[in-house]
2 protein chains.
Amino acid sequence: MSKMRRTTLQDIADIVGMTKMTVSRFLKDPNLVAESSRKDIQTAIDKLGYIPNKAPNILSKGRSHAIGVLFPSISNHVFDEVLRGIESVTEPAGYQIMIAHYAYSPELEEKRISSLLGYHIDGLILSESVHSPNTHRMIKSSGVTVTEIMDTCTPPIQQAVGFDNLAAAKQMTLNMLEKGYKNIAYIGAKGDIRDLLRRQGYEEAVLSYQLTPLIFRSPEFSSIRLGSEILDDILSMDPKVDGVICTNDDVAMGVLLSCKKKGINVPKPELGVTGMHGHDMGQLYSPALASVITPRFLIGQVAAEQLLARIDGLQNIETYIDLGFTLHDGESI
Amino acid sequence: MSKMRRTTLQDIADIVGMTKMTVSRFLKDPNLVAESSRKDIQTAIDKLGYIPNKAPNILSKGRSHAIGVLFPSISNHVFDEVLRGIESVTEPAGYQIMIAHYAYSPELEEKRISSLLGYHIDGLILSESVHSPNTHRMIKSSGVTVTEIMDTCTPPIQQAVGFDNLAAAKQMTLNMLEKGYKNIAYIGAKGDIRDLLRRQGYEEAVLSYQLTPLIFRSPEFSSIRLGSEILDDILSMDPKVDGVICTNDDVAMGVLLSCKKKGINVPKPELGVTGMHGHDMGQLYSPALASVITPRFLIGQVAAEQLLARIDGLQNIETYIDLGFTLHDGESI
DNA sequence: TTGAAAGCGCTAACAC
DNA sequence: GTGTTAGCGCTTTCAA
C-alpha cells in the first residue's frame, strides 16, 4: 500500500509560495486572487491532481450536498423511472445522491438510514411509509429533511409524494367487474404496505359486488418467476377463477407467460390479467397487459424538488402530493 | 427550519458529567469504561438519540468505510445480480456502498467519480473499462483502490473481474453457424465497449465461415422497445436474414415480441434469436430465449472480495479474473 | 489582495 | 479508568 497522502490545499500553497487560504479563494472564484497568482495556482493544481475534500465542510457546516435515496429493491423496475426523475432535479442542483436498498426489511432500512445519516446527508427520500420506531427516532433527532414516495395513503413523517394505491387497485378491479368478470383473484407478494393497500382496494371492489375476495400472497418477493409459478396454485385451489389482479407487472407477466405455456387463453374466454405500473414489457407483449399507469418519473421529480426546496428553507409544506394514475385496458381483460 | 445542532459526544458527556473521551471509549467498547458509568452513558445516548458522525474520522484518517459503485444504467437488469453479489460481501464487512450511474457517458462517469472521491470512498467498482484521461488521473492521484467489472478483454486500471465478452459472442455465433444459419445479423445499441467486443466476436465467427457480417447499431440505449422496433429495419434491409445475435436479452426479447406480432416463426423456419446474460424473462418465454448465461452474482462477489482485501493491504493482485460463461440454446435457435 | 487563528467532532497518544 | 492535547482539511472571520 502506497501510504501516499492525498493532495491538500497546503501542498498546492507550498508550491506556489502562498497560504492555503489564497488557494481556497482561487478555487471558490479565481477573481478573488491577484491575476499574477492565478496561473501558478492552476498549474500546481493540475500537476498535483487536487480533489476537493468534502469532509471538512461536512464537519464544520453539517451539510454534505448529498441526499440519500432508499429503495426497497434494486430489481424492482418501478424505481428506474423514479430515480431518473429524482436525478433530473438533483443533478443540476449539484447534489450527489447515495442510493441504498433494504430488501423490504425495516431492520435493514434502519441500518441504511443510520449509515447515511453518519455521512450527514442533507435530505432523505424513502420508498416506504411504514418504519421501525428507531427509524422514526433517528430521523427526528437528526433533523434530516425527509420525503416519502409512492404512496399517499399513510400519514407521512413530513411529506408524501405519490398516488393512491388503494384507489388504483379498486378502480382496476371495478373495471374488470364491469366487464363481467365474476371470480377475480388477487396475487400479492412479499413486500410492503403498498401491496396491502392494493389488496384492500381489490377487496372493497369485490365486496361492493357482493362477491368473495380470493387472495394469494406469496412469501417471496414479486418477480416474473413468481407469477409464472403461482398460477397453478390458483387454478387448482379454485378452477372458477376468471381473472387475476396482480400486485405489479412482473407478476402479471409471469401469469401471462404461464398461460401461454399451458394453453390458457387470455383474456377470453378463460382468464383476464392485470398488472400495475405499465412497464414496456407488458405493453409490447401480445396480448398487451392491462395495467395501472403510474407517474413514476414525475413522482421522483416532484419529490426531489420538494426535498431540495425544503432543505433550502421552504416552510410551506404540502403534506400529501397526489400525482394520480391512469387505467389502461390493454388486451388482457 | 429548526437550527438544531445534532447531538455530539460532548452533549452526552455533559449530561453524565464526564468527558467526551469516556463516551467515545464506551461506544468503542463498553468494557473500556467503569461499570458504574456504563448505564448512565447508555441512558443519555438513548435519550438524546446520538448518531455517530463519520466526518471526523474521514478527515483525520482518510477512511470512510464506504465504497463507490458505478453502473452505466440502473435500468439495465444485468447489474441487479452484480449488486447483490457486491452487497453479499460489503454488508457483513460493514461497508456502506454508494451507488451512482452515468448513462454510459464518460463525462458523467468522471463527475460521479470526482464527487465520490470527495467523500473519501475507500474503494471503487467501475463497470466500464474505458475512461476519460481525467478519470485516470483522478484515480491515480487519489490513490483509491479500484476494480473494474464485467469485461476481461481490456487492460484494467488495477484489476478486472468478469468474463470474455468477445469469446461469448463469438461462441454463440459459431453455435448458430454450426446449426446451419447462413445470414446472421448482429444488433447492438448505444452503449459501451462490451457491445463493441461482442460485435467483434460476432464478426470473427461470421468471417471464419466466409460469410459477410451484417451489423445494426442503434443510437439508443438497449431496451425491449428498441429490439421490437429494429426488426422491421433489418428485414427490410435484408430479407434473407435468418438469425440475429442481440447485444443483450432486452433487445432479444423485443425481437421475439415483434416476431410474435408479425407472425414470424421463431426459430424455424424463419428467424433464430439469441440474447446475452440469461435473465428470467427470456427463460420463461415461449420459445425460451437462447442466451449466454453469465456469472453476474459471482462477478459482484469476487470483485468486492478482491477490493476489500486490497484495501486491507493485499499485495498479490491478480490483474485479470475471468469467471467464464455458459451457452444456453433455449428454443429460439 | 493576502494572512493568521479558530473551530467543526472525533480519536490516538500520552498523562495521571 | 479517565482526562488532556493535538490534529485531520477546510472555510469563516478578523486583521493587515
Side-chain angles (χ1 to χ4, degrees), chain A residues 3-41 44-45 48-66 115 117-122 141-143, chain B residues 3-42 44-45 48-65 115 117-122 141-143:
Chain A
K3 268 276 137 271
M4 64 191 267
R5 203 178 38 77
R6 243 159 79 162
T7 302
T8 68
L9 288 188
Q10 188 62 60
D11 297 332
I12 294 161
D14 289 346
I15 289 189
V16 297
M18 319 196 83
T19 60
K20 57 188 174 179
M21 217 24 251
T22 308
V23 184
S24 171
R25 290 196 181 95
F26 171 83
L27 250 22
K28 190 181 185 189
D29 177 0
N31 296 318
L32 294 173
V33 309
E35 176 126 29
S36 54
S37 323
R38 288 178 208 162
K39 201 172 66 272
D40 285 357
I41 296 178
I45 287 176
L48 294 186
Y50 177 71
I51 297 162
N53 185 351
K54 288 174 186 148
N57 265 312
I58 298 177
L59 190 52
S60 63
K61 302 211 209 357
R63 293 258 325 236
S64 59
H65 257 71
S115 173
L117 289 177
Y119 295 100
H120 264 273
I121 47 167
D122 299 332
S141 77
S142 72
Chain B
K3 269 277 134 273
M4 66 190 267
R5 203 178 39 76
R6 244 161 76 164
T7 302
T8 68
L9 288 188
Q10 188 63 61
D11 297 331
I12 294 161
D14 289 345
I15 290 190
V16 298
M18 318 195 81
T19 60
K20 57 186 175 182
M21 207 41 237
T22 308
V23 184
S24 171
R25 289 197 180 96
F26 171 85
L27 249 24
K28 188 181 186 189
D29 177 0
N31 295 317
L32 294 173
V33 308
E35 175 127 31
S36 53
S37 322
R38 289 179 208 162
K39 201 172 66 272
D40 286 355
I41 296 177
Q42 186 60 59
I45 287 177
L48 295 186
Y50 176 71
I51 297 162
N53 184 352
K54 289 174 186 146
N57 265 311
I58 298 177
L59 190 53
S60 63
K61 303 210 207 357
R63 293 257 326 234
S64 58
H65 257 70
S115 174
L117 289 176
Y119 294 99
H120 264 273
I121 46 168
D122 299 332
S141 77
S142 72

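All chains are named by letter (A, B, ...) in the order of the sequence lines, taking the proteins before the strands, and each is independently numbered beginning at 1. Both backbone and side-chain heavy atoms feed into the values below; hydrogens, waters and symmetry mates do not.
Across all non-hydrogen atoms, the minimal contact from A/S64 to B/Y119 is O-OH, 2.8 Å. Considering all non-hydrogen atoms of both residues, B/I58 and A/A55 come closest at CG2-CB, 3.8 Å. Residues B/L48 and A/S141 come closest through the heavy atom pair O-CB, 3.8 Å. Shown here for B/I51 and A/G118, the closest heavy-atom pair between the two residues is CG2-N, 4.3 Å.
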Give every donor-acceptor pair under 3.5 Å between a side-chain atom in residues 15-32 of chain A and any protein atom, sequence neighbours left out.
unit_1, atom_1, unit_2, atom_2, d
A/D29, OD1, A/N31, N, 3.0
A/D29, OD1, A/N31, ND2, 3.3

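Among residue pairs with one or both ends in residues 49-59 of chain B, those qualifying as side-chain hydrogen bond (donor to acceptor under 3.5 Å, both in side chains) are A/S115-B/K54, A/H120-B/N53, B/N57-B/K61; sequence neighbours excluded.
For A/D40 and C/dT1, the CG to C1' distance is 15 Å, given to the nearest whole Å. Atom-to-atom, CG of B/D14 to P of C/dC10 comes out at 12 Å; the value is rounded to the nearest Å. B/H65 has its NE2 atom 13 Å from the P atom of C/dT11, to the nearest Å.
Listed by chain and residue number, B/D122 satisfy the salt bridge (charged side-chain N to carboxylate O under 4.0 Å, His left out) test with B/R63 (two or more places apart in sequence, or in another chain). Every residue meeting the salt bridge (charged side-chain N to carboxylate O under 4.0 Å, His left out) condition with B/D11, not counting sequence neighbours, appears here in chain and number order: B/R5. The side-chain hydrogen bond (donor to acceptor under 3.5 Å, both in side chains) check on B/D14 picks up B/Q10, with sequence neighbours excluded.
Of the residues in residues 31-39 of chain A, those lying under 4.0 Å from DNA chain C by heavy-atom distance are A/V33, A/A34, A/S37.
Defining each end axis of the helix from C/dT1-D/dA16 to C/dC16-D/dG1 as the rotation carrying four pairs' C1' atoms onto the next four, with five pairs an end, the two axes are found to diverge by 40° to 10 degrees.
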Contact string for nucleotides 3-16 of chain D, one letter per nucleotide 5' to 3', B = base within protein heavy-atom range under 4.0 Å, S = sugar-phosphate only, - = neither, reads BB---BBBBBB---

